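Notes for the one structure printed next.
As the structure is a computational prediction, the values presented were derived from the model and not from experiment. Counting starts at 1 for both ligands and their atoms, in listed order.
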Amino acid sequence: MSREPASSIPLLKSKIQKSPVPVHIGVIMDGNGRWAKKQGLNRNEGHRKGAQVIDGLLETASDLGVRVISLYAFSTENWKRPATEISALFNLLDEFILSKLEKMKANSIRLKVSGNLKKIPKNSRQLVENAIIETEKNKKIVLNFCINYGSMDELERAVTLVIQRRVEKISAKKNPWDNSAIKNILKKVDYKEIHSALDTHDIPDVDLLIRTSGEMRLSNFMLLQSAYAELYFTDTLWPDFSDIHLMQAIEEFQKRNRKFGGIDE
Ligand code: IPE
Ligand code: IPE
Ligand code: MG
């Protein structure tokens, strides 16, 4: 995708601001490795450059009134990569949290996480958990980092939690295990109950899902939460993705006709 002249940025911004912007944008940040290869660099340099673009994009999204941005940083399948690349990715995560925490506080950015933190390096987990607490009162925008995230894993953990919650509710009673208790355990599970156990239980569903680098797949990202998301695929590699690209994606989103299974008014 060609770069727009800088002068067109304010124009595009004011155009976008005339219509509702997506509340929740999900981003599959892909193409770091290919970007590095094109420059004759090591893959990890691509990840480093990729991490550097996050800051500016967050600021633009926040400015435009986006309320949640979910960034796919590490998938449950990314453990298949070489150990050196995995450790470089977690080092970058640590660096990002350490260097951006003060800015997140100053700009009212609230950090949340989707994914299973139990399995990530202890140091990264502590940094992330601390930043979640330190930013929990921030209200402007949520940065939902998806770390060791995969929709299938999230669903497995959610269903397990639903069962645990049902059992705990019954165990708290005086005469726990009578026939009605068994009936309660086996009653129909509705989506609301599953939703309450998802990592994203307290954030709205994805409105706009962006994937960079030309791949047209979801790679286990927010499959349920994106049930009605507008999909936007771009050939731009993640380290080249800038404000203008984000605004172009939002502009495209604003042209879509969302019907959610209904018909036009
Ligand atoms: C995305 O870039 C970053 C992560 C998956 C962590 P890739 O590393 O997948 O880049 P490509 O797809 O090899 O270009
Ligand atoms: C998806 O990208 C995961 C992240 C961006 C973190 P991948 O590069 O891992 O996805 P595949 O392997 O091309 O599907
Ligand atoms: Mg990739």
Notebook entry, point to check: At a non-hydrogen distance cut-off of under 4.0 Å, which region of His47 contacts ligand 1 (side chain, backbone, both, or neither)?
Noted result: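 Side chain only.
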
Margin query: Please classify the Asn78 to ligand 1 contact at 4.0 Å (heavy-atom distances, strictly less than): side chain, backbone, both or neither.
Written below: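 For Asn78, the contact with ligand 1 is made by the side chain alone.
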
Counting non-hydrogen protein atoms only, what is the nearest one to [atom]? Give residue, atom name and distance.
atom: atom 14 (O) of ligand 2; answer: Ser219 OG, 2.6 Å
atom: atom 10 (O) of ligand 2; answer: Arg211 NH2, 3.3 Å
atom: atom 7 (P) of ligand 2; answer: Arg81 NH2, 3.8 Å
atom: atom 6 (C) of ligand 2; answer: Tyr72 O, 3.3 Å
atom: atom 5 (C) of ligand 2; answer: Met29 O, 3.5 Å

Check: Taking the Mg ion (ligand 3) as the center, what protein N, O or S atoms are found at less than 2.8 Å?
Finding: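 Short answer, with waters excluded from the count: Asp30 OD1.
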
Note to self: Is there a ring-ring contact (aromatic ring centres under 6.0 Å, His included) between Trp79 and Tyr149? Walk through the geometry before answering.
What the structure shows: CA-CA 11 Å; Trp79 296 108; Tyr149 177 84; over 10 Å; no

Checklist line | Ligand-side contact atoms (ligand 1) for residue partner Ala73, heavy atom cut-off under 4.0 Å | finding: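 Near Ala73, meaning under 4.0 Å from one of its heavy atoms, ligand 1 has 6 (C).
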
Checklist line | Side-chain (Asn138) to main-chain (Ile109) donor-acceptor, under 3.5 angstrom | finding: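 Checked: pair present.
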
Check: Is a side-chain N or O of Ser151 found less than 3.5 angstrom from the main chain of Leu223, in a donor-acceptor match?
Finding: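 It does hold such a pair.
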
Salt-bridge criterion met for [X] and [Y] (N-O under 4.0 Å):
X: Glu59; Y: Lys103; answer: yes
X: Arg166; Y: Glu193; answer: yes
X: Lys80; Y: Glu77; answer: no
X: Glu252; Y: Arg256; answer: yes
X: Arg258; Y: Asp207; answer: yes

Checklist line | Joint hydrophobic cluster, Val27 plus Ile203, side-chain heavy atoms closer than 4.5 Å | finding: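 No: no chain of side-chain contacts under 4.5 Å links Val27 to Ile203.
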
Next item on the list: Give a yes or no on whether Leu98 and Leu89 share a hydrophobic cluster (residues Ile, Leu, Val, Met, Phe, Trp, Tyr; joining criterion: side-chain heavy atoms under 4.5 Å apart).
Entry: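 Shared cluster, yes.
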
Margin query: For Phe145, run the ring-ring contact (aromatic ring centres under 6.0 Å, His included) check against Phe96, Phe74, Tyr72 and tell me which one passes.
Written below: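 Of Phe96, Phe74, Tyr72, ring-ring contact (aromatic ring centres under 6.0 Å, His included) with Phe145 is met by Phe96 alone.
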
Note to self: Under 4.0 Å, heavy-atom basis, I'd like to know which part of Arg34 is in contact with ligand 2: side chain, backbone, both or neither.
What the structure shows: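 For Arg34, there is no contact with ligand 2 at all, from either part.
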
Check: Hey, is Phe74 touching ligand 2 through its side chain, its backbone, both or neither, going by heavy atoms under 4.0 Å?
Finding: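 Backbone only.
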
Check: Should Lys80 be listed as contacting ligand 2, given a heavy-atom distance under 4.0 Å as the test?
Finding: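 For ligand 2, residue contact (heavy atoms, under 4.0 Å) with Lys80 is absent.
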
Notebook entry, point to check: Does some non-hydrogen atom of Arg217 fall short of 4.0 Å from ligand 2?
Noted result: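 Right, Arg217 reaches ligand 2.
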
Notebook entry, point to check: Is the closest heavy atom of Ser213 to ligand 1 under 4.0 Å?
Noted result: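 It does not; every heavy atom stays at 4.0 Å or beyond.
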
Margin query: Checking Ala61 now: which residues fulfil side chain to side chain contact (heavy atoms under 4.5 Å, CB included) with it, not counting sequence neighbours?
Written below: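 Scan of Ala61 (side chain to side chain contact (heavy atoms under 4.5 Å, CB included), adjacent residues dropped) gives Val66, Ile69, Ile141, Leu246.
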
Item checked: Heavy atom of protein inside 4.0 Å of atom 12 (O) of ligand 2, strictly below ->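 No, there is none.
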
